[in-house]
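Read through the structure below, which is laid out as structure tokens, and then see the notes.
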Amino acid sequence: MTAMRIGIGSIFQESNQFAATQTDLTLFRNSYVHEGDALFQLAGTDCEVAGILAVCEEEGAQPLPLLAARSVSGGVLTDACYTELKEILLSRLRASLPLDGLLLAMHGSMVTASQEDPEGDILDAVRRIVGPVLPIVMTLDLHAHVTPRMVTQATALVSFTHYPHDDTYSTGERGASLLLQAARGEVTPVTALAKVPIICGACNGQTAGDGPMAHLTRRARQLEQEPAVLSVSCFQVHPYNDLPGMGCGAVVVTDNDPALAANEAQSLAAEFWERRRAFEVEHLPVAEAVDRGRQVEGGPVLLVDTADCAGGGAPGDSVALLSELLALGLEEPTLLMVVDPAAAQACAHAGIGQTVSLQVGYSLDPAWGEPVAVSGTVRRLSDGAFRYDGGLFGGTWASMGLSAVLQIGSIELLVMSQPTYDWGDEQFRSVGMDVRRAKFIGVKNPMNYRHAYRDLMKAALIVDTPGPTPAHVRNLNFERMQRPFFPLDDAIPDLEIPVVVS
């Protein structure tokens with residue numbers, strides 16, 4: 001028999017409309033942009049594409065590589081960036097026809113300067129090329145903003161099930177297996193989407209343990225044991241975009257049972273609403289967090305500066321935490337990081353062992369604060385290259401650009417030229433900064449520290465700092481997301497849970 005021809009494509013980025021920066025091709029290339037056969041470089045990594053390729057090999061399907069492009073989260077894509085990546089994908093799709101199926105590995109919360117639903121826009125464009133029948137499965141981040149257009153145009157949507165995101169490879173496997181079943185006519189996927197108006201930060205969104213997402217995740221896995229249920233995805237939406245119809249909920253894919261898909265999706269969305277208050281998180285003034293940390297024996301104690309999370313679209317240039325720690329006269333060994341290309345260049349110009357006095361911080365998005373004047377000794381310089389140990393980018397290389405380690409009293413500050421996704425402590429390790437010797441570590445991610453420091457940290461305290469990725473959304477200026485929504489509005493009488501089925 002002739003091997004099934006399966007197209008594989010990916011344009012993956014999570015956008016942040018509250019950040020002043022924009023994402024262009026340079027930021028994508030700082031992670032990867034693989035066209036055509038270059039996509040096969042992802043085999044053996046932890047990415048969804050690697051899982052897809054593995055299933056194609058196991059099942060004897062022929063993979064047709066289109067494009068795999070991935071960027072750290074950031075501001076909205078420029079129109080030029082989006083247009084170029086989209087056209088590469090579509091042109092290679094046209095050249096690969098005929099196909100028996102298509103897999104698209106996307107995020108689901110990408111936004112461009114002119115396009116609010118680029119994943120849906122890409123699906124529309126793909127359908128115009130391949131027609132209405134070809135099976136198309138799209139994998140998504142569990143922080144996707146799933147739209148009715150995505151549900152209507154895709155055959156099925158399958159999301160990550162873990163947060164921290166350590167199941168990207170297996171998500172690719174699950175998506176590919178479902179696609180091949182559909183392509184062989186073994187199943188007839190029907191997809192239902194239901195959402196409720198919840199927009200919350202991700203600090204309490206872990207999918208293990210006793211948090212609200214953990215309960216929903218376990219229920220989703222139980223539902224997948226039913227013979228007619230092909231896939232269940234729970235989505236806690238990325239909260240840093242301002243778009244109509246955002247919310248948390250579920251996508252349920254069944255084998256030709258629309259009523260079951262709709263009922264289970266609506267039931268999961270209702271449970272999201274019932275558990276909404278559990279997504280709220282305690283955050284502390286920096287001084288109070290330091291006081292609490294000092295009462296903890298040993299270290300490290302993590303100061304979670306989630307408001308400047310590059311993994312959520314912030315530029316990583318905040319020095320709010322640095323400024324307050326300096327004002328407190330901190331004497332304990334502390335590791336921090338900041339993106340400031342001019343400061344990195346100044347350190348490189350001075351050279352290792354030299355003392356520099358400079359302004360650092362808020363060079364990319366100055367709306368959130370003022371630079372800080374510091375004096376310190378340049379301890380190390382680096383080209384910024386490092387390899388990810390796991391997660392979304394696991395097994396791939398990225399670069400912080402020209403980087404320096406600046407010693408400011410007891411504080412070691414990693415000064416980078418470019419934002420990168422913080423999965424673990426790869427950035428620190430790449431420049432010789434030892435997390436085991438620190439009393440305090442500033443981490444700029446609301447969740448991944450639970451993975452990176454789980455066997456090392458003595459405590460983790462979320463600090464209340466300004467920025468475009470805060471632990472709570474109450475101070476963000478939502479203009480297009482319709483009120484009422486939680487947490488701005490808690491009690492919503494006569495809450496309706498609409499369902500989209502395709």
Side-chain angles (χ1 to χ4, degrees), residues 14-19 76 108-111 116-117 119-120 140-152 157 159 163 192-205 211-217 219-220 233-252 262-283 306-307 309 312-313 446 462 464 466-501:
E14 179 184 57
S15 303
N16 185 320
Q17 290 182 303
F18 295 102
V76 300
S109 284
M110 185 164 60
V111 181
E116 295 180 347
D117 179 18
E119 284 88 356
L140 297 167
D141 191 294
L142 64 73
H143 297 113
H145 168 43
V146 185
T147 66
R149 179 163 63 162
M150 292 161 62
V151 173
T152 301
L157 303 173
S159 82
Y163 187 45
L193 163 69
K195 292 194 288 186
V196 287
I198 301 173
I199 304 178
C200 288
C203 294
N204 277 350
M213 279 297 288
H215 287 278
L216 287 156
T217 297
R219 182 176 167 193
S233 300
C234 295
F235 294 94
Q236 184 192 353
V237 68
H238 173 65
Y240 307 122
N241 287 318
D242 184 15
L243 302 170
M246 286 175 57
C248 299
V251 165
V252 176
N263 290 339
E264 295 297 355
Q266 195 170 45
S267 177
L268 283 164
E271 184 172 346
F272 257 107
W273 185 253
E274 292 167 5
R275 297 184 181 275
R276 64 192 180 280
R277 295 183 188 89
F279 285 98
E280 293 284 82
V281 66
E282 179 187 33
H283 51 281
T306 183
C309 173
I462 299 169
D464 188 10
T469 55
H472 59 86
V473 302
R474 287 180 174 82
N475 295 332
L476 295 178
N477 184 26
F478 289 92
E479 296 179 346
R480 304 197 60 220
M481 175 60 190
Q482 307 97 318
R483 299 283 296 270
F485 68 87
F486 181 83
L488 273 63
D489 308 282
D490 190 356
I492 301 179
D494 303 320
L495 177 70
E496 295 183 3
I497 305 178
V499 182
V500 178
V501 181

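As the structure is a prediction and not an experimental result, all values here were calculated from the model. One-based numbering along the sequence shown.
In this structure, the side chain of S109 engages the main chain of H143 through a donor-acceptor pair within 3.5 Å. Q482 places a side-chain N or O within 3.5 Å of a backbone atom of G245 that can act as its donor or acceptor partner. Between the E14 side chain and the A144 main chain, no donor and acceptor come within less than 3.5 Å of each other. With K195 contributing its side chain and F235 its backbone, the two residues share no donor-acceptor pair below 3.5 Å. T469 places a side-chain N or O within donor-acceptor distance of the main-chain N or O of C309, the cut-off being under 3.5 Å. Side chain of N16 to backbone of P468: a donor-acceptor contact under 3.5 angstrom is found. A donor-acceptor contact shorter than 3.5 Å links the side chain of N204 to the backbone of A278.
Contact record, E280 with C200: OE1-SG, 3.9 Å, taken as the closest heavy-atom pair. Closest non-hydrogen pair, A202 versus P446, comes out as CB-CG, 4.2 Å. Counting all heavy atoms, side chain and backbone alike, F279 lies closest to M213 at CE2-CG, 3.5 Å. In this structure, D242 and M481 approach most closely via the heavy-atom pair OD1-N, 2.9 Å. V237 approaches I198 most closely through the heavy-atom pair CG1-O, 3.8 Å. For A265 against A250, the heavy-atom pair with the smallest separation is CB-O, 4.0 Å.
A search for ring pair (Phe, Tyr, Trp, His ring centres under 6.0 Å) contacts involving H238 returns Y240, not counting sequence neighbours. Listed by chain and number, the residues in a ring pair (Phe, Tyr, Trp, His ring centres under 6.0 Å) with F478 are F18, F485 (sequence neighbours excluded). Residues that satisfy the ring pair (Phe, Tyr, Trp, His ring centres under 6.0 Å) test with H283, not counting sequence neighbours, are H472.
Atom CG of residue L488 and atom CZ of residue R474 lie 7.5 Å apart, to the nearest 0.5 angstrom. To the nearest 0.5 angstrom, L216 atom CG is 9.5 Å from Q236 atom CD. With values rounded to the nearest 0.5 angstrom, F486 atom CZ is found 9.5 Å from I492 atom CD1.
For the pair S159 and V251, the minimum side-chain heavy-atom distance is 4.5 Å or more. V146 is not listed as a side-chain neighbour of E119, based on a closest heavy-atom distance of 4.5 Å or more. Using a 4.5 Å cut-off on side-chain heavy atoms (C-beta onward), W273 and I497 make no contact. Using a 4.5 Å cut-off on side-chain heavy atoms (C-beta onward), L142 and C234 make no contact. In this structure the side chain of P470 reaches within 4.5 angstrom of the side chain of L476, judged on heavy atoms. In this structure the side chain of E264 reaches within 4.5 angstrom of the side chain of R219, judged on heavy atoms.
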Please report the C-alpha distance between T306 and C203 in whole Å, then the side-chain angles of each, then the deciding distance to 0.1 Å, and finally whether the side-chain contact (heavy atoms from CB on, under 4.5 Å) criterion is met.
CA-CA 8 Å; T306 183; C203 294; 4.2 Å; yes
Any chance you could lay out the side-chain contact (heavy atoms from CB on, under 4.5 Å) test for L193 and M150, step after step, and finish with the verdict?
CA-CA 10 Å; L193 163 69; M150 292 161 62; over 6 Å; no
